[in-house]
Amino acid sequence: MPATRTQVGIVGAGPAGLLLGQVLANAGIDSVVIEAQSRAYVESRVRAGLMEHDACQQMRDAGVGARMDREGLVHEGIILRFGGTSHRIPLTELSGGRQVRVYGQQEVVKDLIAARLAAGLPLHFEAHGTSITGIDTPRPVIAYRHQGQDHQLECDIVAGCDGFHGISRAAMPADVLKVFERVYPFGWLGILADAAPASHELIYASHDHGFSLLSMRSPTVSRLYLQCAPDEDLSEWPDSRIWDELETRLADDQGFRLTRGPITQKGITPLRSFVAEPLRHGTLFLLGDAAHIVPPTGAKGLNLAFADVHVLGHALIDRYRTGSNAGLDTYSATALRRVWKAERFSWWLTTLMHRFDSHSPFERRMQLAELDYLTTSRAGMTTIAENYVGLPLL
Ligand code: APR
Ligand code: PHB
């Protein structure tokens with residue numbers, strides 16, 4: 001069976017695995033990335049697309065920020081809409097000048113893949129990781145299947161960046177791993193449409209029918225979401241019904257109208273909060289969705305994956321430059337502190353903005369009163385702004 005050796009074996013070529021590979025390469029540390037899916041598949045998978053201030057800087061620092069800076073859309077505020085009225089949260093003004101950027105996750109992935117392949121660094125697509133062994137030793141091994149052949153990759157460190165359904169978290173000993181989870185009684189129906197966004201800024205709307213969100217990918221492409229049942233049947237949602245429902249939920253007292261256009265992609269995402277602890281056992285480290293999931297309301301998924309890379313990247317650079325394991329030893333505790341704060345914000349915003357069938361009229365009034373308070377208090381708006389643009393990476 002073919003066996004290779006590397007310093008850091010990376011399972012998964014999503015944002016976490018690819019950015020980690022790039023950061024390590026820039027520091028002269030070898031890695032091999034294996035990815036179960038094809039390049040075309042990972043480059044076309046439509047996901048969220050809002051990058052925090054520091055996440056944009058991480059792309060630049062890694063040498064892959066040029067297209068993001070050219071094509072990404074800078075945002076300095078968001079709109080909260082409820083009771084038919086709009087309230088702008090001036091993110092940049094309230095966060096000491098920080099901005100966010102709309103840039104699709106698959107664009108981030110494309111840029112990172114292009115950089116890795118241009119540098120001739122190993123990235124194997126359709127290479128399905130089957131097991132991770134020896135994590136209690138300094139020579140863990142990733143077994144994978146590629147082009148009908150079994151391979152072994154021997155590493156110093158395994159970075160588990162293989163998402164929620166990957167093999168890395170499952171490789172942690174069951175008696176070590178604790179999981180914390182909340183499954184919400186709803187999902188999001190998301191669409192991409194060839195239609196100019198009807199607002200320059202994102203609109204988060206709380207309506208008696210349920211939550212909806214107006215976002216975008218470019219000046220000609222809209223990305224919109226509707227709260228729906230977690231097991232909603234997409235076949236019951238012809239395009240006209242989706243547009244009508246979006247228009248109802250996004251309506252305001254100024255005669256807001258959506259720009260309609262051909263829907264090019266539709267999908268349903270269930271909403272979940274999930275954290276696994278710890279993020280490290282022996283020589284195996286978990287990053288990104290492999291370790292934690294947030295509901296998309298706060299747009300934190302990609303940004304959390306990047307923040308994990310920041311912490312582990314520095315720890316690995318330290319280890320290879322100075323021999324010190326201090327950063328590796330504190331990776332889990334350091335990353336988790338920030339993870340839990342982003343989990344809190346995502347859970348809070350989700351709970352504030354969505355319709356819960358279990359809510360009494362009193363609880364609905366509490367949501368509206370809280371929204372009214374938040375959008376009329378500088379302190380309230382500031383707490384939204386500083387979380388939305390992203391808490392400090394460390
Ligand atoms: N072997 C190799 N690759 C695997 C395996 C396996 N056994 N299992 C999963 N993978 C791959 C998946 O195909 C996927 O491309 O790991 C990758 C994980 O990527 P993501 O799911 O994008 O996770 P991550 O890099 O942590 O990024 C988190 O993704 O889901 C969104 O909202 C989330 O924005 C967040 C981001
Ligand atoms: C998106 O554009 O996909 C998006 C933006 C903001 C969110 C969630 C998703 O909160």
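Just so it is clear, the model here is predicted, and its values are computed rather than measured.
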Distance in Å, L258 CG paired with S222 OG, rounded so as to fall on 0.5 Å steps: 7.5 Å
Restricting to non-hydrogen atoms, name the atom on V311 and the atom on L393 that form the minimum distance, rounded to 0.1 Å. CG2-O, 4.4 Å
Whether over 12 other heavy atoms sit under 6.0 Å from R241 CZ: yes
F186/H354 aromatic ring centres below 6.0 Å: yes
Between Q106 and E43: side-chain donor-acceptor atoms closer than 3.5 Å: no
Report whether L312 and V64 are members of the same hydrophobic cluster (ILVMFWY, side-chain heavy atoms less than 4.5 Å apart, transitive linking). yes
Is the shortest side-chain N to carboxylate O distance from R98 to D54 below 4.0 Å? yes
Taking V8 as the fixed residue, which of L316, D156, D30 is the one that meets the side-chain contact (heavy atoms from CB on, under 4.5 Å) rule? L316
Is a salt bridge present between R5 and E154, judged by a nitrogen-to-oxygen distance below 4.0 Å? yes
Quick one: do D162 and R169 make a salt bridge, cutoff under 4.0 Å? no
Please report the shortest heavy-atom distance between T283 and G134, naming the atom on each side. OG1-O, 3.8 Å
Any salt bridge between D357 and R355, counting N to O under 4.0 Å? yes
side-chain contact (heavy atoms from CB on, under 4.5 Å) assessment of W237 paired with I191: CA-CA 11 Å; W237 286 88; I191 62 162; over 6 Å; no
Answer yes or no: are there more than 12 heavy-atom neighbours, outside H200 itself, under 6.0 Å from its atom NE2? no
Testing the 3.5 Å rule here: is there a donor-acceptor pair between the side chains of T351 and Y184? no
Can you hop from L24 to L121 via hydrophobic side chains spaced under 4.5 Å? no
Hydrophobic clusters here meaning ILVMFWY residues chained together by side-chain heavy-atom distances under 4.5 Å, can you tell me if W243 and V221 are in one? no
Do Q152 side-chain atoms and A143 backbone N/O form a donor-acceptor pair below 3.5 Å? no
Rounded to the nearest 0.5 Å, how far does CD1 of I34 lie from NE2 of H124? 8.5 Å
Indicate yes or no: does D208 engage R364 in a salt bridge with an N to O separation below 4.0 Å. yes
When rounded to the nearest 0.5 Å, the distance separating CZ of R81 from CG of L214 is 8.5 Å
Got a second to check how far R280's CZ is from L336's CG, nearest 0.5 Å? 13.0 Å
Within 6.0 angstrom of R257 CZ, more than 12 heavy atoms from elsewhere: no
Heavy-atom closest contact (A385 atom, L91 atom, distance): CA-CD2, 3.8 Å
Does this structure show an ion pair linking R217 with E107, if we count only N-O contacts that are shorter than 4.0 Å? no
Atom of F211, atom of R249 and distance for their closest heavy-atom approach: O-NH1, 2.9 Å
Spatial distance of atom SG (C228) from atom CD1 (I268) [nearest 0.5 Å]: 4.5 Å
Relative to each other, are the rings of H146 and Y144 parallel, tilted or perpendicular (30° and 60° limits)? tilted
Can you list the steps and then say if D308 with R338 is a salt bridge (charged side-chain N to carboxylate O under 4.0 Å, His left out)? CA-CA 9 Å; D308 291 348; R338 190 178 187 283; over 6 Å; no
Between CE of M172 and CG of L177, what distance do you get to the nearest 0.5 Å? 5.5 Å
Would a single hydrophobic cluster contain both V183 and F180, if residues Ile, Leu, Val, Met, Phe, Trp and Tyr are joined by side-chain heavy-atom contacts under 4.5 Å? no
Go through the side-chain N and O atoms of H292 and E343 and say whether any donor and acceptor fall under 3.5 Å apart. no
Is it the case that T85 and H87 place a side-chain donor and acceptor less than 3.5 Å from each other? yes
Looking at D244 and R260, is there a salt bridge between them, counting it only when a charged N and a carboxylate O are closer than 4.0 Å? yes
